[in-house]
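Note that the coordinates shown come from a computational prediction; the quantities given were computed from them, not determined experimentally. Proteins get letters first, then strands, A, B, ... in listed order; numbering begins at 1 in each.
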2 protein chains.
Amino acid sequence: MSDKKVEKCGERCALQEILDVIGGKWSMSIIYALFSGKKRFSELERLIPGINTRMLVKELKNMEANGIITREVFATVPPTVEYTLTTKGEKLEASINELYKWGMEYVA
Amino acid sequence: MSDKKVEKCGERCALQEILDVIGGKWSMSIIYALFSGKKRFSELERLIPGINTRMLVKELKNMEANGIITREVFATVPPTVEYTLTTKGEKLEASINELYKWGMEYVA
DNA sequence: GTAACCACTTTCAAAAGTAAAGTAATGCCT
DNA sequence: AGGCATTACTTTACTTTTGAAAGTGGTTAC
């Protein structure tokens with residue numbers, strides 16, 4: 001009766017968590033961009049070609065809610081916001097690099 | 001002017017390829033199910049709770065087009081169709097297992 | 001004073017996803 | 001012989017998500 005989540009869905013639960021974090025169309029690009037250190041909103045926008053503001057905002061919010069990034073606001077002028085990977089986020093590096101290698105190898 | 005794809009987008013191209021394959025809402029679940037061997041359409045439907053027929057069809061077609069699964073039809077009655085991972089598909093196992101471990105570790 | 005910078009928000013159309021029912025060929029049961 | 005089940009999908013109608021573009025508000029450089 002304890003260990004709820006693991007007991008309840010185990011494998012599939014992990015899968016759900018993963019998909020919620022990296023399943024989105026842009027999440028992986030964002031995480032990838034953040035591997036090289038914290039970034040401001042506009043930096044991310046420039047680093048990820050094709051993304052639009054709305055989606056970047058949404059994904060960042062989702063990632064913050066999922067605990068894989070932190071958002072820090074600076075009362076500068078103009079205002080500055082920095083996004084950083086948490087430990088949980090950083091731990092995705094191995095997985096994403098693996099996927100990445102696969103992608104590089106299999107681009108037809 | 002040659003080596004088009006690599007030259008044109010390099011890193012980002014690999015990312016696109018990856019997302020096209022595992023970025024869809026259900027792709028990873030399907031690939032995961034196929035790691036344990038070929039499956040029929042209805043087996044996949046049963047193995048992946050929550051998916052609907054239309055989406056399963058769509059994802060399978062997409063995966064076939066992406067060369068990560070093969071589709072084999074048997075003229076039995078009722079007809080049987082088997083889906084199998086290609087080598088390209090199988091090569092995703094390491095990456096997905098990595099992600100998987102992450103998911104298991106960080107399910108809050 | 002007006003144009004630009006930053007980090008968003010809003011609006012609306014388009015694309016993607018979901019649910020549920022339908023299709024065609026056959027076999028099994030009664 | 002009629003009806004139901006099985007398999008692998010289609011089709012239709014609908015909801016949700018995403019995308020493109022313009023707008024907001026405070027400040028500062030020109």
Heavy atoms only, 4.0 Å cut-off, all strands: where does [X] land among base, sugar-phosphate and nothing?
{"X": "A:Ser42", "value": "sugar-phosphate"}
{"X": "A:Thr76", "value": "nothing"}
{"X": "A:Val77", "value": "sugar-phosphate"}
{"X": "A:Val81", "value": "sugar-phosphate"}
{"X": "B:Arg40", "value": "sugar-phosphate"}

To the nearest Å, give me how far apart [atom1] ([X]) and [atom2] ([N]) are.
{"X": "A:Arg54", "N": "C:dA15", "atom1": "CZ", "atom2": "C1'", "result": "12 Å"}
{"X": "A:Met55", "N": "D:dA20", "atom1": "CE", "atom2": "P", "result": "10 Å"}
{"X": "B:Arg46", "N": "D:dT6", "atom1": "CZ", "atom2": "P", "result": "9 Å"}

All ring-ring contact (aromatic ring centres under 6.0 Å, His included) counterparts of B:Tyr32, not counting sequence neighbours: B:Tyr100
Comparing A:Pro78 and A:Lys61 on DNA chain C - which has the more 5′ nearest nucleotide: A:Pro78
Rounded distance [0.5 Å steps], CG in B:Asn52 versus CD in B:Glu45: 8.5 Å
List the atom pairs, with distances to 0.1 Å, where a side-chain N or O of residues 20-29 of chain A and a protein N or O form a donor-acceptor pair under 3.5 Å, not counting sequence neighbours.
| unit_1 | atom_1 | unit_2 | atom_2 | d |
| --- | --- | --- | --- | --- |
| A:Asp20 | OD2 | A:Asn66 | ND2 | 3.3 |
| A:Ser27 | OG | A:Val21 | O | 3.2 |
| A:Ser27 | OG | A:Glu59 | OE1 | 3.2 |

